[in-house]
2 protein chains.
Amino acid sequence: MTKKIPRQGRAPDARKRAAILGSAMKLFLQNGFAKTSMAAIADEADVTKQTVYAHFKDKDNLFQNIIAELAKKHAPPPGLFGSGKASVEAALYDLGLAFLNMVSSKEGIAATQLVVAEAYRHQRLAQHYYESGPRRILNLLADYLASQVKAGKLRIHSPLSAASYFFAMLKGNYYLRVLLNTKPKPTANEKEAHVRECVTIFMRLYGGKDALKTRNEL
Amino acid sequence: MTKKIPRQGRAPDARKRAAILGSAMKLFLQNGFAKTSMAAIADEADVTKQTVYAHFKDKDNLFQNIIAELAKKHAPPPGLFGSGKASVEAALYDLGLAFLNMVSSKEGIAATQLVVAEAYRHQRLAQHYYESGPRRILNLLADYLASQVKAGKLRIHSPLSAASYFFAMLKGNYYLRVLLNTKPKPTANEKEAHVRECVTIFMRLYGGKDALKTRNEL
DNA sequence: GTTAAATCATACTGTAGGGTCTAATAACAT
DNA sequence: ATGTTATTAGACCCTACAGTATGATTTAAC
């Protein structure tokens with residue numbers, strides 16, 4: 001019932017709005033909140049400052065929209081554990097690699113830096129970002145693990161803990177270094193090897209009884 | 001040979017310099033780089049802006065000094081694995097708890113947020129901070145682990161990897177949430193329990209042969 | 001006690017940037 | 001056609017703030 005407000009005159013241009021959002025995201029990610037000016041955003045979007053202010057109340061409001069957009073963009077896709085037919089190892093490997101690629105992507109890094117940097121000023125935003133991104137994916141994995149426990153494929157007391165350890169190991173060294181721009185960025189090969197190792201360790205910890213007897217060194 | 005430049009007149013006041021550094025650190029940690037003004041720093045230090053500029057070339061220079069100071073302050077203490085006589089478990093537990101307390105302290109959080117936020121602008125600083133803090137402690141643990149491997153107390157292929165997994169598990173859930181100000185902060189009890197669990201897992205992974213046979217669930 | 005440097009107090013400059021205003025034009029609704 | 005709204009172009013206001021200038025005052029070296 002709220003959709004068809006009777007209008008007269010020109011309608012707001014959705015493409016311009018999108019352009020503004022796009023430019024703002026690009027610039028915020030590139031230079032951070034403080035060092036991105038509204039004028040620069042307007043320029044980049046080929047739009048007037050006025051138009052920017054017509055669509056967004058102020059800089060803060062625009063920023064909130066960007067973070068919300070990023071949260072959506074970085075949320076885990078719906079069919080994450082699709083068929084559920086693959087082996088646990090394969091599922092973990094795929095998830096792990098996707099996750100690692102995500103967080104070490106240029107945009108993933110910039111987004112995290114941005115949110116962390118502004119977290120103390122926009123606590124609700126940070127919370128929302130966390131819950132729709134990291135927290136969501138953590139829960140998904142926990143659910144999957146629980147299902148595999150039921151299926152007798154894993155032995156886990158607390159799936160949520162186990163899931164968090166899996167992600168923790170994945171991030172391991174990388175994460176902080178990535179956040180701090182301490183390159184060089186890992187190569188695809190390194191990432192794959194690292195994910196394999198994490199899966200191996202995970203299975204040694206939580207795999208069926210026999211899994212524990214296999215290779216004892218890492 | 002560079003120390004005794006013949007001077008005349010008043011000497012720079014070391015206490016004022018210290019006061020400036022103190023105020024700057026406090027305010028930078030509290031409000032971030034951009035939102036801390038030189039005037040505010042001078043005020044807080046009970047000093048004139050002129051004096052601030054007498055001691056530090058500009059805001060950036062002052063900031064660099066602060067980060068260096070933080071890096072020193074957060075560097076691991078020398079006698080970390082003191083006697084080396086305690087059990088591996090106990091050593092890991094102590095280290096883990098100290099580490100967790102450190103990174104979840106108000107100042108530890110603020111420092112990390114600050115460095116992360118400015119990382120893309122002050123890459124060398126971030127690098128320096130990483131190497132004198134996290135990297136150093138990682139190496140210390142790796143060395144300790146290697147020594148315990150030699151002593152037959154542990155079975156580890158790559159001590160550096162193992163060390164990084166230990167810290168990764170410690171941070172686990174906590175770290176990102178802490179960086180994002182997603183409270184509530186963990187209580188002392190929770191931290192202790194968490195460290196215990198990490199040590200247990202670690203020993204299951206890397207402890208002597210028998211360690212693997214114990215409790216199979218977590 | 002003279003001198004040179006450090007500090008103070010305060011005013012000042014210059015610039016960047018958030019946000020507003022106005023007047024004109026363009027697009028759409030009825 | 002008429003009215004309403006979006007957008008443009010560009011000037012404009014105001015505040016915050018980094019950094020400087022000036023002149024007085026204190027402190028320590030000699």
Side-chain angles (χ1 to χ4, degrees), chain A residues 2-28 30-67 114 117-118 121-122, chain B residues 2-28 30-67 114 117-118 121-122:
Chain A
T2 66
K3 207 53 207 240
K4 269 289 178 177
I5 301 154
R7 277 204 151 282
Q8 12 193 358
R10 193 173 175 179
D13 190 332
R15 286 193 328 238
K16 296 204 183 269
R17 188 173 212 276
I20 293 167
L21 282 172
S23 308
M25 183 177 299
K26 174 181 168 186
L27 293 178
F28 278 143
Q30 202 167 84
N31 305 320
F33 179 79
K35 309 226 174 186
T36 299
S37 76
M38 294 299 265
I41 292 172
D43 265 25
E44 174 84 21
D46 261 316
V47 143
T48 324
K49 248 203 313 180
Q50 281 302 335
T51 305
V52 175
Y53 280 99
H55 285 277
F56 303 94
K57 182 177 157 292
D58 54 21
K59 193 180 180 183
D60 233 74
N61 181 312
L62 179 52
F63 184 69
Q64 288 174 238
N65 275 274
I66 296 303
I67 299 296
L114 187 60
E118 302 297 325
R121 192 160 300 280
H122 300 86
Chain B
T2 64
K3 208 54 208 247
K4 270 290 177 177
I5 302 155
R7 278 203 152 285
Q8 13 192 359
R10 195 172 173 178
D13 191 331
R15 286 193 327 235
K16 293 200 184 274
R17 187 173 212 274
I20 294 168
L21 281 172
S23 307
M25 182 176 302
K26 173 179 169 188
L27 294 177
F28 278 143
Q30 200 167 87
N31 305 321
F33 179 80
K35 309 224 173 187
T36 299
S37 76
M38 294 298 264
I41 292 171
D43 265 24
E44 174 85 21
D46 260 316
V47 143
T48 324
K49 249 206 308 183
Q50 280 301 335
T51 305
V52 175
Y53 280 98
H55 284 278
F56 303 94
K57 182 177 157 292
D58 54 20
K59 194 181 180 181
D60 232 75
N61 181 313
L62 179 53
F63 184 70
Q64 288 174 238
N65 276 275
I66 295 303
I67 300 296
L114 187 61
E118 302 298 326
R121 192 158 300 280
H122 299 87

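By convention in this document, chain letters (A, B, ...) are assigned in the order of the sequence lines, proteins followed by strands, and residues within each chain are numbered from 1. Note that the coordinates shown come from a computational prediction; the quantities given were computed from them, not determined experimentally.
- Counting distance only, with no hydrogens placed and no angle test, the side-chain atoms of A:K59 and the base atoms of C:dG19 include no donor-acceptor pair under 3.5 Å.
- Picking from D:dT8, D:dA18, D:dA6 the nucleotide with the shortest atom distance to the side chain of A:P12 gives D:dA6.
- Taking 4.0 angstrom as the limit, B:T51 places a side-chain polar atom (N or O) nearer than this to OP1 or OP2 of C:dC8.
- Note: CG (A:D58) to P (C:dG19) measures 5 Å, nearest angstrom.
- In this structure the side chain of B:F33 reaches within 4.5 angstrom of the side chain of B:D60, judged on heavy atoms.
- Looking only at distances, no side-chain donor or acceptor of A:T48 sits under 3.5 Å from a matching main-chain atom of A:T51.
- Remark: P of D:dC17 and CG of B:L62 are 15 Å apart, rounded to the nearest angstrom.
- In this pair, A:F63 and A:H122 present their aromatic rings tilted. The plane angle is within the 30 to 60° band.
- Here the P atom of nucleotide C:dG17 and the NZ atom of A:K35 are 10 Å apart, to the nearest Å.
- Per the geometry, CD1 belonging to B:I41 stands 17 Å off P belonging to D:dA16, to the nearest Å.
- Not a single donor-acceptor contact under 3.5 angstrom links the side-chain atoms of B:Q50 to the base of C:dA6.
- Taking atom CZ of A:F56 as the reference point, atom C1' of D:dA6 lies 15 Å away to the nearest angstrom.
- What separates OH of A:Y53 from P of D:dG10 is a distance of 19 Å, to the nearest Å.
- When each of A:L21, A:D13, A:I20 is tested with A:R17 by the rule side chain to side chain contact (heavy atoms under 4.5 Å, CB included), just one qualifies, namely A:L21.
- Taking atom CD1 of residue A:I20 and atom C1' of nucleotide D:dT8, one finds them 13 Å apart after rounding to whole Å.
- At a threshold of 4.0 angstrom between heavy atoms, the contacts of A:D60 with the nucleic acid are absent.
- When the C1' atom of D:dA16 is taken as reference, atom CE of A:M38 falls 18 Å away, rounded to whole Å.
- Among the protein residues, A:T48 comes within range of the nucleic acid bases, having at least one heavy atom under 4.0 Å from a base atom.
- Between the side chain of B:K35 and the backbone N or O of A:A34 there is no donor-acceptor pair closer than 3.5 Å.
- Taking 4.0 angstrom as the limit, B:H55 places none of its side-chain polar atoms (N or O) nearer than this to OP1 or OP2 of C:dA6.
- Among the protein residues, A:K49 comes within range of the nucleic acid bases, having at least one heavy atom under 4.0 Å from a base atom.
- Residue B:K57 places none of its side-chain N or O atoms closer than 4.0 Å to OP1 or OP2 of D:dG19.
- Interface remark: the B:R10 side chain does not form any donor-acceptor pair with the C:dA5 base, using a distance-only criterion of under 3.5 Å.
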